Amino acid sequence: MAQQGAPDPAMAIEMAKQEMDYRVALFNAMVSSCYEKCIDKRYKDGDLSVGENSCIDRCSSKYWQVTGIVGQMLGAQGGMHQ
Amino acid sequence: MAQQGAPDPAMAIEMAKQEMDYRVALFNAMVSSCYEKCIDKRYKDGDLSVGENSCIDRCSSKYWQVTGIVGQMLGAQGGMHQ
Amino acid sequence: MAQQGAPDPAMAIEMAKQEMDYRVALFNAMVSSCYEKCIDKRYKDGDLSVGENSCIDRCSSKYWQVTGIVGQMLGAQGGMHQ
Amino acid sequence: MDPNAAAMAAVPAEQQQQLLQEIEKMQVRDSLRMYNSLVERCFKDCVESFRRKDLDATEEKCVQSCAAKFMKHSARVGVRFGELSSEAESQMQQMMAQQGTGK
Amino acid sequence: MDPNAAAMAAVPAEQQQQLLQEIEKMQVRDSLRMYNSLVERCFKDCVESFRRKDLDATEEKCVQSCAAKFMKHSARVGVRFGELSSEAESQMQQMMAQQGTGK
Amino acid sequence: MDPNAAAMAAVPAEQQQQLLQEIEKMQVRDSLRMYNSLVERCFKDCVESFRRKDLDATEEKCVQSCAAKFMKHSARVGVRFGELSSEAESQMQQMMAQQGTGK
């Protein structure tokens with residue numbers, strides 16, 4: 001990811017940290033977004049139903065696609081991401 | 001809290017910091033959750049009513065109990081907390 | 001900003017960082033608050049309407065004023081903010 | 001037992017100064033965060049109309065009541081939080097003493 | 001390819017120890033954040049009445065189901081996230097190989 | 001007066017380099033946070049159905065409009081924020097000059 005001769009090791013650590021921070025934040029947002037969309041909040045029991053499970057799979061996939069679309073737009077606009 | 005011979009002082013600082021971060025986050029979540037549940041948002045004046053005050057006390061107590069239940073479940077599951 | 005003879009450079013950096021963190025958080029809160037108040041969520045196209053634009057201007061101004069009122073109250077109460 | 005004291009006890013003496021600085025940083029950061037969330041909440045609950053660029057008297061009064069209420073609420077939760085924490089702390093210590101691991 | 005491995009590869013060997021410590025810190029921080037958000041969510045969805053200071057049996061049961069469901073949900077999203085990440089990773093590598101910049 | 005310049009002035013010259021690095025870190029962190037919140041918001045507003053695993057044309061169009069609108073919104077708030085900040089700054093300086101503490 002754009003490591004054009006960045007020799008400074010502190011910088012490399014910092015970039016790796018931000019990369020991970022970003023991935024964690026993305027994952028957390030995906031968890032909570034798909035929870036809102038897919039999970040029945042009546043909590044009759046502690047198991048996911050068949051419908052909830054397939055909703056989670058599709059929701060994850062669609063969320064990822066939205067990430068791609070927005071990333072492309074931001075990249076085209078100002079090169080902010082990478 | 002699981003300080004089995006951890007002699008590294010930087011590590012001890014880090015653990016103490018995370019402990020405090022955690023307590024602050026817990027407190028903030030309790031404040032905002034109980035605010036949602038107990039406070040009349042019409043804001044006729046700046047005082048808490050008798051009903052709001054007793055709601056806050058019970059809400060704090062119940063919130064704390066939920067913390068305990070969830071903590072036990074997570075502990076049983078993977079030992080993530082401590 | 002209350003730099004009464006604070007000679008410690010690490011302290012000065014820390015204060016400057018917190019000042020910036022605070023400004024970023026304020027800006028982000030203003031963006032999302034005014035988005036909720038002003039933007040039509042049907043997303044027929046990607047442009048802001050005339051009405052949305054003037055709502056954004058007034059919303060920003062009012063948000064800033066609320067910041068002032070709350071800041072004064074907190075300052076009077078405990079001197080927490082400067 | 002004061003929870004901060006507990007955290008302090010786990011840290012070697014030479015490092016306590018550093019920890020105190022961390023605590024102070026955290027307190028500044030936290031009060032700024034509280035300020036921000038207070039503004040956000042009272043703005044959301046009190047300001048509905050955007051036909052003018054200045055707050056009217058009703059909105060201003062509402063923001064003041066909202067902020068006052070929030071601070072009182074927050075202080076009361078703080079008291080309860082302190083009580084619940086120290087209860088939990090002393091239960092923990094009793095348990096450890098009974099298990100003989102509390103020497 | 002494990003995404004952490006990718007991050008590691010970009011970092012000079014002497015610094016990898018430090019990065020591993022950062023990862024560990026982040027994991028602790030993140031599991032505490034997850035714990036907090038789980039409590040917040042299940043409290044919000046399950047506790048509605050404040051006529052008593054203790055949870056009743058229904059509320060307790062609800063909190064347990066909510067927490068169990070959330071953990072299963074989170075684990076499932078984790079699996080999907082891993083799959084989607086490695087798909088993206090291998091597409092990226094193919095693209096770079098085709099452009100001849102992947103030597 | 002540029003607010004960053006104000007922050008810089010409070011910091012000894014030797015440390016300005018370090019502060020600049022902090023600012024840069026903060027900007028990266030902040031643009032990633034903005035990206036994340038943009039995705040979260042547009043997903044929430046635009047994707048309602050989970051009968052398929054791919055976005056349909058309507059959803060895709062909606063996400064694009066949402067992101068475009070959000071960026072324009074954010075830029076406009078940024079301009080207003082800058083104006084309000086520098087107004088406040090110059091009022092502050094006037095006040096300090098009047099009190100004779102602004103030497």
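This one's a predicted model, so the numbers in the text were calculated from it and none came from an experiment. A note on names: the letters A, B, ... follow the listed sequences, proteins ahead of strands, and every chain is numbered from 1.
Residue-level contacts of residues 37-47 of chain A with chain F, in order of numbering, are Lys37(A); threshold 4.5 Å between heavy atoms. Along residues 65-80 of chain F, the residues that come nearer than 4.5 angstrom to chain A, judged on non-hydrogen atoms, are Ala67(F), Ala68(F), Met71(F) in order of number.
Looking only at side-chain heavy atoms (C-beta outward), Gln65(A) and Asp54(F) come within less than 4.5 Å of each other. Annotation: side chain of Val63(F) is in contact with side chain of Val70(A) (closest heavy-atom distance under 4.5 Å). Contact annotation: the side chain of Thr67(A) approaches that of Tyr35(F) to within less than 4.5 Å [non-hydrogen atoms, C-beta and beyond].
Of the inter-residue distances, the one linking Met73(A) atom CE with Leu38(F) atom CG reads 8.0 Å to the nearest 0.5 angstrom. With rounding to the nearest 0.5 Å, the separation of CE in Met15(A) from NZ in Lys25(F) is 13.5 Å. Gln64(F) contributes atom CD, which lies 9.0 Å from atom CD of Gln72(A) (distance to the nearest 0.5 angstrom). Remark: Leu55(F) CG to Ile69(A) CD1 distance equals 5.0 Å, nearest 0.5 Å. Distance OH/Tyr63(A) to CD/Glu40(F): 4.5 Å, rounded to 0.5 Å.
Contact tally against chain A (heavy-atom pairs below 4.5 Å) for Arg51(F), Glu48(F), Lys53(F): the top residue is Lys53(F).
For chain A, the nearby part of Glu59(F) is the side chain; its heavy atoms alone come within less than 4.5 Å. For a residue to count as touching a neighbouring chain, one of its non-hydrogen atoms must lie under 4.5 Å from one of that chain's; by this rule Gln18(A) touches chain F with backbone and side chain alike. Interface remark: Leu26(A) contributes backbone and side-chain atoms alike to the contact with chain F (heavy atom separation under 4.5 Å). Within the 4.5 angstrom heavy-atom criterion, no atom of Ser60(A) approaches chain F.
Cation-pi geometry between Lys62(A) and Phe50(F) is satisfied (NZ or CZ under 6.0 Å from the ring centre, within 45° of the ring normal).
Residue-environment remark: CD (Glu83(F)) exceeds the threshold of 12 foreign heavy atoms within 6.0 Å.
Lys44(F) and Glu36(A) are not joined by a salt bridge, as no carboxylate oxygen comes within less than 4.0 angstrom of a charged side-chain nitrogen.
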